[in-house]
Number of protein chains: 2
Amino acid sequence: MPTVSSEELAAAAGVNSAKLRKDFSYLGSYGTRGVGYDVEYLVYQISRELGLTQDWPVVIVGIGNLGAALANYGGFASRGFRVAALIDADPAMTGRPVAGIPVQHADALEDIVRDNGVSIGVIATPAGAAQQVCDRLVGAGVTSILNFAPTMLTVPDGVDVRKVDLSIELQILAFHEQRKAGEDAAADDDAMPVPTAAKGAAAAAAMDAADPKGTDGEAPAVMPA
Amino acid sequence: MPTVSSEELAAAAGVNSAKLRKDFSYLGSYGTRGVGYDVEYLVYQISRELGLTQDWPVVIVGIGNLGAALANYGGFASRGFRVAALIDADPAMTGRPVAGIPVQHADALEDIVRDNGVSIGVIATPAGAAQQVCDRLVGAGVTSILNFAPTMLTVPDGVDVRKVDLSIELQILAFHEQRKAGEDAAADDDAMPVPTAAKGAAAAAAMDAADPKGTDGEAPAVMPA
DNA sequence: ATGTCTTTGTGAACGTGTGCACAAAGATTG
DNA sequence: CAATCTTTGTGCACACGTTCACAAAGACAT
C-alpha cells in the first residue's frame with residue numbers, strides 16, 4: 001500500500017508538517033501512526049471534502065480571448081468542472097465552436113442555466129456588461145459567480161462572488177521588484193515593516209474606493225493615469 | 001481640498017477603520033487630524049509605495065487565447081505596466097499584431113528582454129514549455145515571473161514567481177457551493193471548523209504533491225480523474 | 001508476546017495581526 | 001484667543017493561526 005508521511009508531504013508542499021497534520025485532522029483520522037497516510041484514500045477524502053468528486057456544470061459568459069482561454073483550460077475538467085455552455089452576446093459568435101463547444105446566444109442564458117442546473121457562472125465579458133450578466137445569472141438561479149471583468153459586482157445575500165484581477169498579481173510582483181531595486185538606496189524609508197505593508201490590501205482597496213468620496217460631493221477623479 | 005476620512009474609506013472598502021489608519025501610518029503621517037486625508041496626496045503616496053508611478057515593461061510569452069487576453073487587458077496600462085513585447089514560439093504568429101503589438105519569435109527572447117530592460121515576465125504558454133521559457137527569461141535577466149501555466153516553476157534564489165491557477169478560484173466557489181447545499185443535511189460532519197478548512201491550502205497543495213511520493217518508489221498515479 | 005521504532009494527533013506556547021479605545025493634534029467657531 | 005469638535009495615530013488587549021513538542025498508537029522485528 002503506497003503511503004506518505006506528513007513530513008514528506010510538508011516538504012513537497014513547502015509547509016510545516018504539524019500544520020499539515022492538523023489540517024488533515026479536521027477531515028478525520030485517516031493516517032496510521034508509524035506509517036503515514038494511505039495515498040489513495042487520502043486523495044479521495046480530500047477530493048470529496050473539496051467537492052472535487054462532484055460534477056459542477058459551469059457556464060462561461062463572454063467568449064472573447066479570455067472566455068475562449070477559459071473554455072480551453074485543461075485544469076477545469078480534471079477538477080470536476082464541466083463547461084455546460086458558452087454564451088456570448090455577439091450574434092456572429094453564435095454556433096461557432098470554441099473548445100469543441102458551440103457558442104450560444106445570450107438570449108438563451110436563463111434557459112441554459114435552468115436546463116443544466118448550473119449553479120456556478122463565469123463572467124468574462126467587458127466591464128460594462130458584467131453587472132447585467134450577473135443579474136441575469138443570479139435571476140436564473142446561479143449562486144456562485146467567478147468574475148473576471150474589472151468591476152465590482154453587486155449581488156443579493158446568499159450569492160458568492162469571487163473577483164479575479166489579472167493585474168493584482170502583477171502589482172504584487174512589481175512591489176517586490178521595487179523593493180529589490182531599492183534595497184541599495186533604502187536608507188530613508190527603513191521604518192516600514194514589509195510583511196504588513198505587503199499584506200496591506202486595505203490600502204489598495206481604499207485607493208480604489210477613494211475616488212468618489214471627496215467631501216465636497218464632487219468626484220475629483222484623481223486616479224493615477 | 002477634497003478629503004476622505006478613514007471611516008468613509010473603511011466603509012467603502014469593507015475593512016476596519018483602525019486597521020486602515022494603521023496601514024496608512026506605515027507610509028507616514030499624511031492625514032490631518034479633525035479633517036482626514038487629502039485624497040490626491042494620498043492616492044499619490046500609495047501609488048508611489050506600490051510602484052504604480054514607475055513604468056514596468058513586461059513581456060508576455062505564449063500568445064494563445066490567454067496571452068492575447070492578457071495583451072488586451074486594459075487594467076495593465078492604467079497600473080503602470082507596459083507590454084514591451086509579445087513572444088510566441090509559433091513562426092506563423094510572428095509579425096501578426098495582437099492588441100496592436102506585433103508578435104515576435106521566441107528566438108529573440110533574450111534580446112527583447114535585454115533591450116527593453118524587462119524585469120517582469122508573464123508566462124502564458126502550455127505547461128510543457130513553461131519551465132524552459134522561465135529559464136530563458138531568468139537567464140536574460142528577468143527577476144519576477146507571473147506564471148499562468150499549470151506547472152510549478154523552479155527558479156534560482158532572488159527570482160519571484162507567482163502562479164495563477166484559474167481553476168483554484170472555481171474550486172473555492174465549488175467548496176462554498178457544496179457547503180450551501182449540504183447545510184440542510186449537515187448532521188454528520190459538523191465538527192469541522194469552516195474557516196480553517198477553507199484556508200487549508202496546505203491540504204490542496206499536499207494533494208497535488210501526494211502523487212509521486214509513494215513510499216514504494218513507484219508513482220501510483222492516483223490523482224482524481 | 002514483548003520491545004523498539006516510526007509517525008500521528010493534539011495540548012500548549014508563541015508570534016502575529018486585528019480591533020478597541022483614547023490621548024494628541026489641529027481645524028473651526030464664537 | 002479660548003473652547004469645542006472632529007479625526008488621526010497608536011498603546012494595549014485580545015484572538016487567531018502557526019509551530020513546537022510529546023504522549024499515544026500502531027507496525028514491525030525478534
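Computation of the quantities below employed the complete heavy-atom set of this structure, encompassing side-chain atoms and omitting hydrogens, waters and symmetry-equivalent molecules. Chain A is the first sequence line, chain B the second, and so forth, proteins listed ahead of strands; every chain is numbered from 1.
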My understanding is that only residues two or more places apart in sequence, or in another chain, count here; which of them pass side chain to side chain donor-acceptor pair (under 3.5 Å) with [X]?
| X | result |
| --- | --- |
| B:Arg82 | B:Asp55 |
| A:Gln54 | B:Gln178 |
| B:Tyr44 | none |
| B:Thr143 | A:Glu177 |

How far does NZ of A:Lys19 sit from OG of A:Ser6, to the nearest 0.5 angstrom?
13.5 Å
Tell me whether the OP1 or OP2 atom of [N] has a side-chain N or O from [X] closer than 4.0 Å.
| X | N | value |
| --- | --- | --- |
| B:Ser5 | D:dT7 | no |
| B:Tyr30 | D:dT7 | no |
| A:Tyr26 | C:dT10 | no |

Within this structure, what is the [atom1]-to-[atom2] distance between [X] and [N], rounded to whole angstrom?
| X | N | atom1 | atom2 | answer |
| --- | --- | --- | --- | --- |
| B:Tyr37 | C:dA25 | OH | P | 16 Å |
| A:Asp23 | C:dT10 | CG | P | 13 Å |
| B:Phe24 | D:dT8 | CZ | P | 10 Å |
| B:Asp38 | D:dT7 | CG | P | 15 Å |
| B:Asn16 | D:dA15 | CG | C1' | 14 Å |
| A:Leu20 | C:dT10 | CG | P | 14 Å |
| A:Lys19 | C:dT8 | NZ | P | 16 Å |
| A:Leu9 | C:dT6 | CG | P | 20 Å |

Under the salt bridge (charged side-chain N to carboxylate O under 4.0 Å, His left out) test, which residues partner A:Arg162, sequence neighbours left out?
B:Glu169
Test of understanding: with salt bridge (charged side-chain N to carboxylate O under 4.0 Å, His left out), list the residues that count as partners of B:Asp160, not counting sequence neighbours.
A:Lys180
Restricting to nitrogen or oxygen on both sides, can you table the protein-nucleotides 1-3 of chain C pairs closer than 3.5 Å?
none

Listing request: all side-chain hydrogen bond (donor to acceptor under 3.5 Å, both in side chains) pairs with a residue in residues 63-73 of chain A, at least two apart in sequence or in separate chains.
A:Tyr73-B:Asp165
With heavy atoms under 4.0 Å as the rule, sort A:Ser6 into base, sugar-phosphate or nothing.
sugar-phosphate
Please, which pairs that meet salt bridge (charged side-chain N to carboxylate O under 4.0 Å, His left out) have at least one residue in residues 131-142 of chain B, sequence neighbours excluded?
B:Glu110-B:Arg136
Which of these nucleotides, C:dT8, D:dT10, D:dT19, is closest to any side-chain atom of A:Arg21?
C:dT8
If you take all heavy atoms of B:Ala84 and B:Val118, which pair is closest and at what distance?
CB-CG2, 4.2 Å
Closest heavy-atom pair, B:Ser144 versus A:Leu173, reported as atoms and distance to 0.1 Å, is CB-CD2, 3.8 Å
Do the side chain of A:Trp56 and the main chain of A:Gly51 share a donor and acceptor less than 3.5 angstrom apart?
yes
Donor-acceptor pair, B:Gln131 side chain versus B:Thr154 backbone, under 3.5 Å?
yes
With the criterion being N/O to N/O and under 3.5 Å, what pairs connect the protein with nucleotides 26-30 of chain C, and how long is each?
none

Would you say the ring centers of B:Phe24 and B:Tyr30 fall short of 6.0 Å from each other?
no
When the axes are fitted on five pairs at both termini, how much does the helix from C:dA1-D:dT30 to C:dG30-D:dC1 curve, in 10° steps?
10°
Polar atoms only, N or O, under 3.5 Å: list the protein pairs with nucleotides 11-14 of chain D and their distances.
residue: D:dG11; atom: O6; partner: B:Lys22; partner atom: NZ; Å: 3.2

